[in-house]
Protein chains: 4
Amino acid sequence: MPKVTEEHTEARRRQILSAALTCFAREGFHRATMQDIFREAELSPGAVYSYFKGKDELIAAIAAEVVRFALGLFETLSRPGPEGRLHTPGEGFAMLVRAFRDIDLSTWAHRTRLGPQLLAEAQRNPALRGRVREGLGRGVGIFAELARAAQERGELDPQLDPEHVARLMLAGFHGLLIQVSLLGDVVDVDAYVKTVAALLDSRAATRQTTPA
Amino acid sequence: MPKVTEEHTEARRRQILSAALTCFAREGFHRATMQDIFREAELSPGAVYSYFKGKDELIAAIAAEVVRFALGLFETLSRPGPEGRLHTPGEGFAMLVRAFRDIDLSTWAHRTRLGPQLLAEAQRNPALRGRVREGLGRGVGIFAELARAAQERGELDPQLDPEHVARLMLAGFHGLLIQVSLLGDVVDVDAYVKTVAALLDSRAATRQTTPA
Amino acid sequence: MPKVTEEHTEARRRQILSAALTCFAREGFHRATMQDIFREAELSPGAVYSYFKGKDELIAAIAAEVVRFALGLFETLSRPGPEGRLHTPGEGFAMLVRAFRDIDLSTWAHRTRLGPQLLAEAQRNPALRGRVREGLGRGVGIFAELARAAQERGELDPQLDPEHVARLMLAGFHGLLIQVSLLGDVVDVDAYVKTVAALLDSRAATRQTTPA
Amino acid sequence: MPKVTEEHTEARRRQILSAALTCFAREGFHRATMQDIFREAELSPGAVYSYFKGKDELIAAIAAEVVRFALGLFETLSRPGPEGRLHTPGEGFAMLVRAFRDIDLSTWAHRTRLGPQLLAEAQRNPALRGRVREGLGRGVGIFAELARAAQERGELDPQLDPEHVARLMLAGFHGLLIQVSLLGDVVDVDAYVKTVAALLDSRAATRQTTPA
DNA sequence: GATGAATGAGTGTTCATTCAT
DNA sequence: AATGAATGAACACTCATTCAT
């Protein structure tokens, strides 16, 4: 009992989760077997099962981590930037993509594979579904807020529905993951982000000026 | 039951494919068992296996159909509309979503579930991967063309990279499927399409005017 | 009813049996499927099933044919040859091998494969077992008779047990089929026959000469 | 059940192999199901599959054991006996049959059934085929050697082709298995062996006397 | 706490056989 | 008589999970 500290426990959890993530990204949730994970983690079945109740819990834990990451990011996005105003939608979008690309708890390639799988799996797995919906809802809320703020500052066409601008931003992100996971480096992520941001932001500044 | 031909055979194929689609949409490719499909199709294992070589071929056939549909649609999009000019990107996007929503070979709900699954599955399944990549490539090509034409007509900011505008359009579509599959009717598809189209099209008319 | 004559019926039976024999020799009794046979016979399942009750009956019919052939041959062997005396064991052995090799109702290669399979299958299949035992018994009987006659003529060591000489002759035949089926042309059948015959017969030639 | 090793593993392998051998001898390779083997071994499917990759490997392992046994025996036969000379062909034959009859890793009845099946199966199964050919080749080589030595000692008719005498000896063995598997105790194995040995050996003694 | 051999329900698939036409 | 689409029991095999040590 004194032997095993909390740190040890947490380290083991991370070790297992990391192995699982690698396997899931490599093979998909269903094709990856628990044996694969035991091997990747260099741990016995019993060891893994004493930290997680089963495969579903492993998937859920990974999903939870991804969603937690996203929620934290949204939180950041909802706070004014250094210039003292809320980020523009374009800035927000760029920050989302970049933050997601720069985490180090696994490679960008792994994450682009995992994202679409998680999204697809969430359709059927109630535990995932709740979490993912929460993340989605929060994302739409934040981005809609940015859009509304931009409209108020006269930087975005006031006729556009902020909620649906927000949905497009999320879609733009999810769709990017899909394209990268299937096409790899053919997709120039930076150029994509720049184009999307330009489309979202340049927008109404123009508008505003125009009519007058 | 001898001397049955062509129509009968084709009808059976459709019956099986339709049952498979229902099961895959309901349970996911991996969780759906062949038994589920036999039951849904009200056919015996042997009957199904005499039309398709196995589960993989069933998945491949469904993917092929989806991709074929998309390619046909892209073909339509690449031809000038009634006004004698190419469709604007916004029109193109709206046509894509609406066409996909209005096919009747199964419900919209089924298709929104199937899409993300197909995209996720394509990561690991080489047969799917090739097809999906082809569809993706063609889609980017067509939408980029529309974007370029719009730029030439002075309707889209010439600074935007047409390829990445096209990628965003595809992403906007895939992301929509994801959101609808997870959130259901919470998503107002028509409003979404209108917003995206407005964002894509209104654009440069304004721009044009601005500099002055 | 008038349409289909008995000849027609018999021709169909032979057509089916011949196809089955080809398939069984090519794939083995268990691996060969009824579908293979339908294809080989260019006949529908129903057609085949109206002539034979099932796969087992097909196997039984082929076995029956082989055994009938062997029994006919043994009958011939049991009758005195042109010189007015019974054949020597060596002559008998040579006649057995040559007769079996020269039937034309299928190739020698087919028959060398079928033989060992039939013998193995007879262990478990009661219908075959009875027939094969009958053939075996008759073979031992005939060859033992030849051996006894040779002993009486002073051409074979009288100390040898005729029954077991007969068993060796049959074994020499079955073992030849095995070797040919596994080694193909590596086995020089004629040289083998000559050697076996010499071993069985020469014996007494010596003997003959001796007394003098 | 952790920390089990070597002996345990080897014991399990033998337990499974033994169960498989029993089932194969009882039902034949194809009719025996894996379920039969699980039941006979009193083990679960997973347990069996963790020791052997599949049914084919089980068959291959059994074949390997039989061939290994035969090769070891041939090795023994190729060495001079107590009298300082090579065994006569008749002695060699008797040793082969007796050694095969006296192993205790399963009953003689089982082995007489397995032999012909293995020989038949080897026709189609390339893995078996290679092994069996090797055993056959070695057997012919050894027996031919014994025959040649006997010829040199003046104990065997020098006109006989040693290779084909050897083939007859192998055939005499395989054919014995066939007869015993089909006829059971009707066959007096000892008398058979004595007769065959006498035929092979007594031979030239006679010869010797003749010329004079 | 950790091990890993063992479990067994469940999977995708095959194929001898039937029977409406 | 002949067809061939359809059946469904049976098969080989997988893999998430357990538990004696």
Side-chain angles (χ1 to χ4, degrees), chain A residues 1-5 8-9 12 30-39 43-58, chain B residues 1-5 8-9 11-12 30-38 41-58, chain C residues 1-5 8-9 12 30-39 42-58, chain D residues 1-5 8-9 12 30-38 41-58:
Chain A
M1 240 185 235
K3 270 190 165 171
V4 176
T5 66
H8 175 78
T9 297
R12 271 272 193 275
H30 296 278
R31 259 200 267 285
T33 71
M34 289 301 278
Q35 290 296 336
D36 291 338
I37 296 172
F38 306 148
R39 207 176 303 120
L43 242 24
S44 69
V48 172
Y49 273 86
S50 72
Y51 288 97
F52 295 93
K53 273 168 64 184
K55 198 179 185 181
D56 285 351
E57 198 171 297
L58 235 24
Chain B
M1 283 144 180
K3 292 272 127 90
V4 184
T5 21
H8 175 81
T9 295
R12 270 273 187 276
H30 296 278
R31 256 201 267 288
T33 70
M34 289 302 279
Q35 290 297 336
D36 292 337
I37 296 172
F38 306 148
E42 298 183 83
L43 240 23
S44 66
V48 171
Y49 274 89
S50 75
Y51 287 95
F52 295 92
K53 273 165 64 182
K55 198 180 183 181
D56 284 352
E57 197 170 298
L58 235 23
Chain C
M1 236 183 241
K3 270 193 164 173
V4 176
T5 67
H8 174 78
T9 296
R12 272 273 192 273
H30 296 279
R31 258 200 268 287
T33 70
M34 290 300 279
Q35 288 297 334
D36 291 338
I37 297 172
F38 305 148
R39 206 176 304 120
E42 299 183 81
L43 241 26
S44 68
V48 171
Y49 273 87
S50 72
Y51 289 96
F52 296 92
K53 271 169 66 184
K55 197 178 184 181
D56 285 350
E57 199 171 298
L58 235 22
Chain D
M1 283 142 179
K3 293 269 126 91
V4 184
T5 21
H8 174 81
T9 296
R12 270 273 188 275
H30 295 279
R31 256 200 268 288
T33 70
M34 290 303 280
Q35 288 298 334
D36 292 338
I37 296 172
F38 306 147
E42 299 183 83
L43 240 23
S44 67
V48 172
Y49 276 91
S50 76
Y51 288 94
F52 296 92
K53 271 166 65 180
K55 198 179 185 183
D56 285 351
E57 197 169 299
L58 236 23

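Bear in mind the structure is a predicted one, so any value in this text is a computation, not a measurement. Any value given below was found using the heavy atoms of this structure, including those in side chains, with hydrogens, waters and symmetry copies removed.
Among the nucleotides E:dT13, F:dA12, E:dA6, the one closest to the side chain of D:Thr33 is F:dA12.
Look at CD on B:Gln35: it is 13 Å from P on F:dT7, rounded to the nearest Å. Going from atom CE of D:Met34 over to atom P of E:dG12 covers 20 Å, rounded to whole Å. To the nearest angstrom, C1' of E:dC15 lies 9 Å from CZ of C:Phe38. The distance from atom CG of B:Asp36 to atom C1' of E:dT11 is 11 Å, rounded to the nearest whole Å. Distance D:Arg12 CZ to E:dA6 C1': 8 Å, rounded to the nearest Å. Atom CZ in C:Phe52 sits about 16 Å away from atom C1' in E:dT17, given to the nearest Å.
Not counting sequence neighbours, the partners of D:Phe38 by the side chain to side chain contact (heavy atoms under 4.5 Å, CB included) test are D:Met34, D:Gln35, D:Pro45, D:Val48, D:Tyr49. Listed by chain and number, the residues in a side-chain hydrogen bond (donor to acceptor under 3.5 Å, both in side chains) with D:Thr33 are D:Asp36 (sequence neighbours excluded).
Within residues 44-51 of chain D, the residues having any heavy atom closer than 4.0 Å to DNA chain E are, in order of number, D:Ser44, D:Pro45, D:Gly46, D:Ala47, D:Tyr51.
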Taking Watson-Crick (N1-N3 plus N6-O4 or O6-N4) and G-U wobble (N1-O2, O6-N3), each under 3.5 Å, can you produce the dot-bracket string of DNA chain E? Use [ ] for crossing pairs and | for inter-strand ones.
.||||||||||||||||||||
Enumerate, atom names and distances included, each donor-acceptor pair closer than 3.5 Å involving a side-chain atom of residues 50-57 of chain B, sequence neighbours excluded.
| from | atom 1 | to | atom 2 | distance (Å) |
| --- | --- | --- | --- | --- |
| B:Ser50 | OG | B:Ala47 | O | 2.9 |
| B:Lys55 | NZ | B:Phe29 | O | 3.0 |
| B:Lys55 | NZ | B:Ala32 | O | 2.7 |
| B:Glu57 | OE2 | B:Lys53 | N | 3.4 |

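D:Arg31 has no side-chain polar atom (N or O) that falls below the 4.0 Å cut-off from OP1 or OP2 of F:dC11. When the side-chain nitrogen and oxygen atoms of B:His8 are compared with OP1 and OP2 of F:dA6, one or more of them lie within a distance under 4.0 Å.
Toward the 5′ end of DNA chain E lies the nearest nucleotide of B:His30, the other residue of the pair B:His30 and C:Ala32 mapping further downstream. Projected onto DNA chain F by closest heavy-atom contact, C:Glu42 and A:Lys55 fall at different nucleotides, the more 5' of which corresponds to C:Glu42.
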